[in-house]
Amino acid sequence: MKNKIDYKAEKDVINIIHSWIGYLTNERRYSENTVSAYARDLAIFIKFFSDKGKIINLEFLSNLDVRDFRSFITSRANKHIEKSSLAREISAFKNFFKWLDIAHILKNSVISIISTPKPNKTLPKSIDVDDTLSIIQDAKNIATNDWQGLRDMAVFTLLYGAGLRISEALSLNYKDFITAENFLKIKGKGNKERFVPLLPIVKENINAYIRAVSPNFSLNEALFIGARGDRL
């Protein structure tokens, strides 16, 4: 531990904390950074109750109830710390209490019902138009064979031009494309069907690929195939 941490607790609790830190380091083989973060997080947890005038001893730790844990979590959340940081703090004290149980020091069964907040979901970031068009062109240029380059270019154009998932594009059969006019019928998640527009550039690139690989596709054959003729 690079910096000594001041735990606002009774000496026997501090000694136990040091044993827990040794367990994380020597038995669980946690990294130095992780151990240091857990130690600091536990100090924050203990200080919260110490600042309320509580004497932090084994009896106190044994008698913590759901409201105590939740009051700490609420207090930290009200400080607008990152959810990831709060999740780590909760993970730290849960790890400590679970170790206390394993080491037969004390058992606080309440710890099992304390949940960790879920992180905010972030939407995937899209690339801009110029980069997308560059990727489509590069797909043609880096392929081993000309027909494979045309195939990859057709796949990327279809994904971008029609908004298909990769699994939806690769599950297409030749008849799905050849029987379509201006719209392509797609079976997506949950077997739900939808129609997507077939832009002229999409049709042009797919037709260029078909002419290059085989003008004699059977209707039920995979539209996009690999080097061995199997579905891509």
Side-chain angles (χ1 to χ4, degrees), residues 28-31 33-34 77 81-88 90-91 94-95 112-232:
R28 295 302 303 273
R29 302 290 184 182
Y30 283 9
S31 70
N33 288 337
T34 299
I81 66 172
E82 294 288 339
K83 279 192 175 182
S84 58
S85 297
L86 178 57
R88 194 195 61 220
I90 296 172
S91 178
K94 289 183 71 173
N95 187 300
S112 63
I113 63 175
I114 303 300
S115 59
T116 302
K118 295 182 179 179
N120 293 326
K121 291 184 177 180
T122 56
L123 294 174
K125 295 180 180 179
S126 61
I127 57 177
D128 62 30
V129 175
D130 289 340
D131 286 340
T132 301
L133 297 178
S134 178
I135 287 173
I136 292 173
Q137 187 59 45
D138 287 345
K140 177 182 177 182
N141 295 335
I142 66 176
T144 304
N145 298 310
D146 289 343
W147 73 268
Q148 290 175 321
L150 291 170
R151 176 203 63 196
D152 295 346
M153 191 174 181
V155 170
F156 280 122
T157 307
L158 178 61
L159 295 178
Y160 184 56
L164 267 61
R165 300 180 179 91
I166 185 66
S167 59
E168 293 171 342
L170 299 186
S171 67
L172 290 172
N173 289 330
Y174 177 67
K175 69 176 180 181
D176 297 323
F177 172 71
I178 206 67
T179 58
E181 294 184 3
N182 296 321
F183 291 88
L184 188 64
K185 185 165 72 172
I186 299 297
K187 183 174 289 187
K189 288 185 176 180
N191 287 325
K192 293 181 179 179
E193 293 184 343
R194 71 182 192 279
F195 289 89
V196 298
L198 269 179
L199 303 177
I201 185 63
V202 175
K203 296 170 71 173
E204 179 183 326
N205 283 358
I206 294 178
N207 279 321
Y209 150 69
I210 290 173
R211 288 193 298 269
V213 65
S214 172
N216 299 311
F217 270 100
S218 63
L219 290 179
N220 292 318
E221 187 176 352
L223 177 59
F224 298 112
I225 59 174
R228 298 182 179 180
D230 299 323
R231 185 181 299 274
L232 187 64

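Computed from a predicted model, the values in this text were never measured in an experiment. Values below: every heavy atom of this structure, side chains too, minus hydrogens, waters and symmetry copies.
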*Is there a side-chain contact between Asn220 and Lys175, using heavy atoms and a 4.5 Å cut-off?*
yes

*Check whether any side-chain heavy atom of Ile178 lies under 4.5 Å from a side-chain heavy atom of Leu223, and answer yes or no.*
no

*Closest approach of Leu219 and Asn173, non-hydrogen atoms and distance?*
O-CB, 3.9 Å

*Just wondering, more than 12 heavy atoms not from Asp138 lying within 6.0 Å of its CG?*
yes

Enumerate donor-acceptor pairs with a distance under 3.5 Å from any side-chain N or O in residues 147-155 to protein atoms, sequence neighbours excluded.
unit_1, atom_1, unit_2, atom_2, d
Gln148, OE1, Asn145, N, 3.4
Gln148, OE1, Asn145, ND2, 3.2
Arg151, NH1, Ile225, O, 2.9

*Atom pair NZ/CD1 of Lys83 and Ile90 - distance to nearest 0.5 Å*: 10.5 Å

_Tell me which pairs pass salt bridge (Lys or Arg N to Asp or Glu O under 4.0 Å) where either residue lies in residues 207-232, with sequence neighbours left out._
none

*asked:* Ignoring hydrogens, what is the shortest heavy-atom contact between Phe156 and Ala139? Give both atom names and the distance.
replied: CD1-CB, 3.4 Å

_Taking atom CD as the centre, does Glu193 end up with more than 12 heavy-atom neighbours from other residues, nucleotides or ligands that are less than 6.0 angstrom away?_
yes

*Hey, what do you get for CG (Leu159) to CD1 (Ile166), rounding to the nearest 0.5 Å?*
4.5 Å

Distance-only donor-acceptor pairs under 3.5 Å for side chains of residues 196-205, two or more places apart:
unit_1, atom_1, unit_2, atom_2, d
Lys203, NZ, Glu181, O, 3.0
Asn205, ND2, Thr157, OG1, 2.9

*Assess whether side-chain contact (heavy atoms from CB on, under 4.5 Å) is satisfied between Ile186 and Leu172, documenting all intermediate values.*
CA-CA 8 Å; Ile186 299 297; Leu172 290 172; 3.8 Å; yes

_Let me confirm one number: the CD1-CG distance from Ile206 to Leu184, rounded to the nearest 0.5 Å._
7.5 Å

Indicate every side-chain donor-acceptor pair of residues 127-134 with a distance under 3.5 Å to a residue at least two apart or in another chain.
unit_1, atom_1, unit_2, atom_2, d
Asp128, OD1, Asp130, N, 3.4
Asp128, OD1, Asp131, N, 2.8
Thr132, OG1, Asp128, O, 2.9

*What pairs with Phe224 under ring-ring contact (aromatic ring centres under 6.0 Å, His included), at least two apart in sequence or on another chain?*
Tyr209

*Enumerate the residue pairs fulfilling side chain to side chain donor-acceptor pair (under 3.5 Å) with a member in residues 160-171, sequence neighbours excluded, ordered by first and then second residue.*
Arg165-Glu168, Glu168-Arg194

*Are Phe183 and Phe195 close enough that their ring centers fall under 6.0 Å?*
no

